[in-house]
2 protein chains.
Amino acid sequence: MMDQTHAIEQDMKLEIADYIIGLIQRNQMAAHDRLPSENELAKRFGVNRNTVRRAMDYLKARDRIYAQKGKGLFVAPSQEQIVFPQINNIGFSEIFQNYPYQYESKLLKWSLVRAKAELSRILEIQEGELIYKVKFLRSVQEKPLAVCISRIPQKMVPDLQAHLTLDCSINHILKQVYHYEHPVCKFVTAEAVMPLAKNMKLLEVNESVPMLKQISRFDVPNVGPVEHYTVYARGDRFKLDIQF
Amino acid sequence: MMDQTHAIEQDMKLEIADYIIGLIQRNQMAAHDRLPSENELAKRFGVNRNTVRRAMDYLKARDRIYAQKGKGLFVAPSQEQIVFPQINNIGFSEIFQNYPYQYESKLLKWSLVRAKAELSRILEIQEGELIYKVKFLRSVQEKPLAVCISRIPQKMVPDLQAHLTLDCSINHILKQVYHYEHPVCKFVTAEAVMPLAKNMKLLEVNESVPMLKQISRFDVPNVGPVEHYTVYARGDRFKLDIQF
DNA sequence: CAGTGGTCTAGACCACATA
DNA sequence: ATGTGGTCTAGACCACTGC
């Protein structure tokens, strides 16, 4: 079962994980095949089930396997990642108009808050000014993909809440209701982070799936900054693409 | 110690983690302050030390605390992240010429391999053609930041190994030795992943620190694709910045 | 009902740091 | 020598699945 001359890993977890990865890479197991149960693996490797569990957690975080409670562990399929082109004048809703994926955007909540230092700097407003904060859940193919938070100065969109519907698009509202030009992205930052507890449930991920966090600012031409936009996208389903 | 009327978290780990986050956010603990030991926290919360450990793992992955073996747990400072501007004609070495950071690039290994399907498609060569694969470790302020892998068709850089030194720059070699124009980035993809076991030691991170994985292609003007470039950057220290 | 993954307790040994 | 975090064993209970 195990290599007879395996290197002293001194970390049973990685040893077990490597063994499973080897099985998958050598095509001895295909996508959605069921792995031996945790108890079975513990017996075979002569370790405690807790050690097996840590190895499985490692593999889940790296998207090699997935678990179904009561059923078992399964080999994860090669992920079909959503490639998201980062273009400076286009948003989620517009991207997916040209994609063959079933796409859905759901309004989660909105609130009126006061701008703190960092936010007021980026939006070029005074600290303490009122800001609409609107949170969306974006899903593709019925599976959640990203949590997005728009922050827009109230003075630019008075009475915004009157136009927020369950499946509204901010860009659409800015154009149709407030008659702004199409906002343009001035910058994006992207970083890898671990999910916040509150987003784990929304995005249906466990705590070990990495997220791509993006912060951007959108301006209306000849008007100025209109939107501070934060995206937490599932790392296993989302890939940013920048063309030059 | 604990909230008297705390919500039933049904997950002691998150409850403990939230408590520590609260301490930090309310400024009751400052950066580099020492937390109570794991045994102490276990006593206070009336849970087993294993549960405390899982809570601490959660906080470490999110960069709220760090551990020192034999010493204790400490509040992590607000991370000074390296902001890396994604511009289409500039590489690591050139970026850091204009930064006040102490920067170092170290050649880890090189090898000559055959191109597989995906790689040959991107570099627009035949499958099986020989490719130089060169691996670097980039460090900033004495701390490792990213592992970078360059893949360059052998026919474009014959005898490359003769010019590889411990602190060489690929762009510099392409220009000075092979007299190419400065390569230009045609595209970049960025995604969040968990670290590979082999990169964990190099980058001095544990398995729960997310990585920003970037793949890009560089072309020499009027010549064509020259380099396939993969970067695994520490999520806690690296942020991508795109200006429009 | 038995088997599965998810969470937790209890206790052990190690390597490392500090006094 | 004591205390720390890091790893592991042994065993428990739960919620869920499928027979």
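In what follows, every chain begins at residue 1, and chains take the letters A, B, ... in the order their sequences are listed.
A salt bridge links K13(B) and E207(A); the closest N-O separation between the charged side-chain nitrogens and carboxylate oxygens is under 4.0 Å.
R54(A) comes within contact range of the sugar-phosphate backbone alone, with a heavy-atom separation under 4.0 Å but no base atom that close.
One N or O donor and one acceptor, one from the side chain of N50(B) and one from the base of dC8(D), sit under 3.5 Å apart. Applying the 3.5 Å distance criterion, the base of dG6(C) shares no donor-acceptor pair with the side chain of N206(A).
What separates CG of N48(B) from P of dT7(D) is a distance of 16 Å, to the nearest Å. Put simply, OH on Y58(A) is 20 Å from P on dG5(C), counting in whole angstrom units. Between Q68(B) atom CD and dG5(D) atom P the separation is 11 Å, expressed in whole Å. Protein atom NZ of K69(B) is 9 Å distant from nucleotide atom P of dA15(C), rounded to whole Å. When the P atom of dG11(D) is taken as reference, atom CD of E38(A) falls 17 Å away, rounded to whole Å. What separates CD of E207(B) from C1' of dG6(D) is a distance of 11 Å, to the nearest Å. The distance from atom CZ of F74(A) to atom C1' of dT17(D) is 10 Å, rounded to the nearest whole Å. Put simply, CG on L41(B) is 13 Å from C1' on dT4(D), counting in whole angstrom units.
Taking the six-membered ring for Trp and the full ring otherwise, Y101(A) and Y103(A) have centroids separated by 6.0 Å or more.
Cation-pi contact between R54(B) and Y58(B): absent, since separation from the ring centre below 6.0 Å together with deviation from the ring axis within 45° is not met.
Nearest nucleotide to the R34(A) side chain, out of dG6(D), dT4(C), dT18(C): dT4(C).
Of the side-chain N and O atoms in R53(A), one or more sit less than 4.0 angstrom from OP1 or OP2 of dG6(C). Of the side-chain N and O atoms in K71(B), one or more sit less than 4.0 angstrom from OP1 or OP2 of dT18(C). Side-chain N/O atoms of K60(A) include one lying less than 4.0 angstrom from OP1 or OP2 on dG6(C). An OP1 or OP2 oxygen of dG3(D) is reached within less than 4.0 angstrom by no side-chain nitrogen or oxygen of S37(B).
Residues T51(A) and D57(B) each lie close to DNA chain D; by heavy-atom proximity, the contact nearer the 5' end of the strand is made by D57(B). Between V47(B) and G70(A), the residue whose closest nucleotide on DNA chain C is further toward the 5' end is G70(A).
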### Task
Could you walk me through whether S37(A) and N39(A) pass side-chain hydrogen bond (donor to acceptor under 3.5 Å, both in side chains), step by step?
CA-CA 5 Å; S37(A) 75; N39(A) 278 316; 5.2 Å; no
### Query
Can you check ring-ring contact (aromatic ring centres under 6.0 Å, His included) on F92(B) and F136(B), steps first, answer last?
CA-CA 11 Å; F92(B) 264 89; F136(B) 294 94; 9.8 Å; no
